Student: 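What follows is a single structure, and I will ask about it in a moment.
Keep in mind that the numbers below use all heavy atoms, side chains included, and drop hydrogens, waters and symmetry copies. These figures come from a predicted structure and were not determined experimentally.
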Amino acid sequence: LGELTVSHVTPGSVQLEWSVLEGTFDSFTVQYRDVQGQPQALAVDGGSRMVTVPGLSPSRRYKFNLYGVWGRKRIGLISTEAVTGEGISGPRLCPLWALAPAPPKKEPPSPPRLGELTASHVSPDSVQLEWSVPEGTFDSFTVQYKDAQGQPQVLPVDGGSRTVTVPGLSPSRRYKFNLYGVWGRKRLGPVSTDAVTDVYARHCALSVAAAAKPEEEPPSQPILVELTASHVTPDSVQLEWSVPEGTFDSFTVQYKDAQGQPQVLPVDGASRTVTVP
């Protein structure tokens, strides 16, 4: 074996050349280590005096050893070093899946949009609200406002509705209503409007020689006693209360959820317990 030289270098390959000063070899073997440090061997037929080592990494130093094979013997070892060029490495084989076009990414659905909120009908104790959804659909809606005592109230509305009547208001009062749309786990909005409830109409009646009816005693006001939590779980609380005197038409439990949003739970007047889920 004569001298081993580097005749051509690219970012991804090195071309080696050598000479045979005397005799002939059956084959040759080029040995080197790849970028991970693993030994690699490249077999070359005995008639060749040149080989290109492919699949190298750019800007790296490699040491190449060339052996001559003669019969069953491995003769010599001549060596050389080379540094691959900079830039993109030469062509490499890639799996067929890499050539296939990537499936188109699904665009996330665009969120629905709330339109204008208006008060379409006003009475002394109620306001009818209407709204539009110009784009998309909502799972449900929530109307929020404060009552005459300044307490926050929440009125849930199903997603297919575009109108709702807010009852139990006081006459001649200004109310501000906020409408939120619920879409999945998101609450979008709000859109808002103000409305002033009407004044109660006053009617006068003339009575001729009619005896006035005796005034009836107003019923005594019912009394609420202490509210207690009788049973607690990680995600619910059971409440109990008593009414020692009189009767109520209904009850209302108010609280704020984990996000600080006010919630309202109506309970019928005969109940003395409720579970807040």
Student: Using a 4.5 Å cut-off on heavy atoms from C-beta on, say whether the side chain of Val133 contacts that of Arg162.
Tutor: yes
Student: Nearest heavy-atom pair of Pro54 and Ser13: which atoms, and what distance?
Tutor: CA-CB, 4.1 Å
Student: So which atom in Ser236 and which in Pro277 form the shortest heavy-atom distance, rounded to 0.1 Å?
Tutor: CB-CA, 4.2 Å
Student: For the residue pair Leu155 and Thr142, establish whether any side-chain heavy-atom pair is separated by less than 4.5 Å.
Tutor: no
Student: Does Val267 reach the side chain of Val253, with side-chain heavy atoms less than 4.5 Å apart?
Tutor: yes
Student: Compute whether any side-chain donor of one residue and acceptor of the other, for Asp147 and Gln153, lie under 3.5 angstrom apart.
Tutor: yes
Student: Quick one: pull up OG in Ser250 and CG in Asp268 and give me the separation to the nearest 0.5 Å.
Tutor: 8.5 Å
Student: Using side-chain heavy atoms (C-beta onward) and a distance below 4.5 Å, is Val14 in contact with Tyr32?
Tutor: no
Student: For Val6 versus Glu81, what's the shortest heavy-atom pair and its separation?
Tutor: CG2-O, 3.9 Å
Student: Is there a path of hydrophobic side-chain contacts, each under 4.5 Å between heavy atoms of I, L, V, M, F, W or Y residues, that connects Trp131 with Trp183?
Tutor: yes
Student: According to a 4.5 Å side-chain heavy-atom criterion applied to Ile, Leu, Val, Met, Phe, Trp and Tyr, with indirect links allowed, do Phe25 and Val69 form part of one hydrophobic cluster?
Tutor: no
Student: So if you build clusters from Ile, Leu, Val, Met, Phe, Trp, Tyr with side-chain heavy-atom gaps below 4.5 Å, do Val196 and Tyr145 land together?
Tutor: no
Student: Are Arg272 and Glu240 ion-paired here, with the side-chain N under 4.0 Å from a carboxylate O?
Tutor: no
Student: Compute whether any side-chain donor of one residue and acceptor of the other, for Ser132 and Glu116, lie under 3.5 angstrom apart.
Tutor: no
Student: Could you pull out the closest heavy-atom pair between Ile75 and Leu1, with the gap in Å?
Tutor: O-CD1, 3.8 Å
Student: Rounded to the nearest 0.5 Å, what separation is found between the CD atom of Glu86 and the OG1 atom of Thr84?
Tutor: 9.0 Å
Student: Side-chain contact, heavy-atom cut-off 4.5 Å: Thr165 with Ser126?
Tutor: yes
Student: Please determine whether side-chain contact (heavy atoms from CB on, under 4.5 Å) holds for the pair Gln38 and Arg33, giving the CA-CA distance in whole Å, both sets of side-chain angles, and the decisive distance to 0.1 Å.
Tutor: CA-CA 5 Å; Gln38 299 300 316; Arg33 289 181 183 269; over 6 Å; no
Student: Please answer: with hydrophobic residues joined when any side-chain heavy atoms are less than 4.5 Å apart, are Phe251 and Val276 in the same cluster?
Tutor: yes
Student: Would you say the side chain of Pro171 lies within less than 4.5 Å of the side chain of Val199, judging by non-hydrogen atoms?
Tutor: no
Student: State the CG-CG distance between Leu179 and Leu117, to the nearest 0.5 angstrom.
Tutor: 5.5 Å
Student: When you compare the side chains of Asn178 and Ser192, does any donor N or O come within less than 3.5 Å of an acceptor on the partner?
Tutor: yes
Student: Using distance alone, with no hydrogens and no angle criterion, decide if Glu3 and Ser19 have a side-chain donor and acceptor under 3.5 Å apart.
Tutor: no
Student: What is the distance from atom CZ of Arg49 to atom CG of Leu4, rounded to the nearest 0.5 Å?
Tutor: 12.5 Å
Student: Give me the atom names and distance for the closest heavy-atom approach of Thr52 to Leu42.
Tutor: O-CD2, 4.0 Å
Student: Taking the side chain as every heavy atom from C-beta outward, state whether Thr163 and Gln128 have any atom pair closer than 4.5 Å.
Tutor: yes
Student: Can Val157 and Tyr180 be said to form a side-chain contact (heavy atoms from CB on, under 4.5 Å), step by step?
Tutor: CA-CA 10 Å; Val157 186; Tyr180 294 89; over 6 Å; no
Student: Shortest non-hydrogen contact from Asp194 to Arg174?
Tutor: CB-NH1, 3.7 Å
Student: Measure the shortest side-chain to side-chain distance between Gln144 and Pro262 over non-hydrogen atoms and say whether it is less than 4.5 angstrom.
Tutor: yes
Student: Assign the ring pair Phe64 / Tyr62 to parallel, tilted or perpendicular, where the plane angle (0 to 90°) is split at 30° and 60°.
Tutor: parallel
Student: Would you confirm whether Thr80, through its side chain, and Thr5, through its main-chain N or O, come within 3.5 Å as a donor-acceptor pair?
Tutor: no
Student: Going through the checks in order, is the side-chain contact (heavy atoms from CB on, under 4.5 Å) test met by Val83 and Val9?
Tutor: CA-CA 8 Å; Val83 177; Val9 176; over 6 Å; no
Student: Nearest 0.5 Å please: distance from the CG atom of Leu188 over to the CZ atom of Arg113.
Tutor: 12.0 Å
Student: Are Leu129 and Val122 co-members of a hydrophobic cluster defined by side-chain heavy atoms under 4.5 Å apart?
Tutor: yes
Student: Distance only, no hydrogens: is a donor on one side chain within 3.5 Å (strictly under) of an acceptor on the other, for Gln261 and Arg187?
Tutor: yes
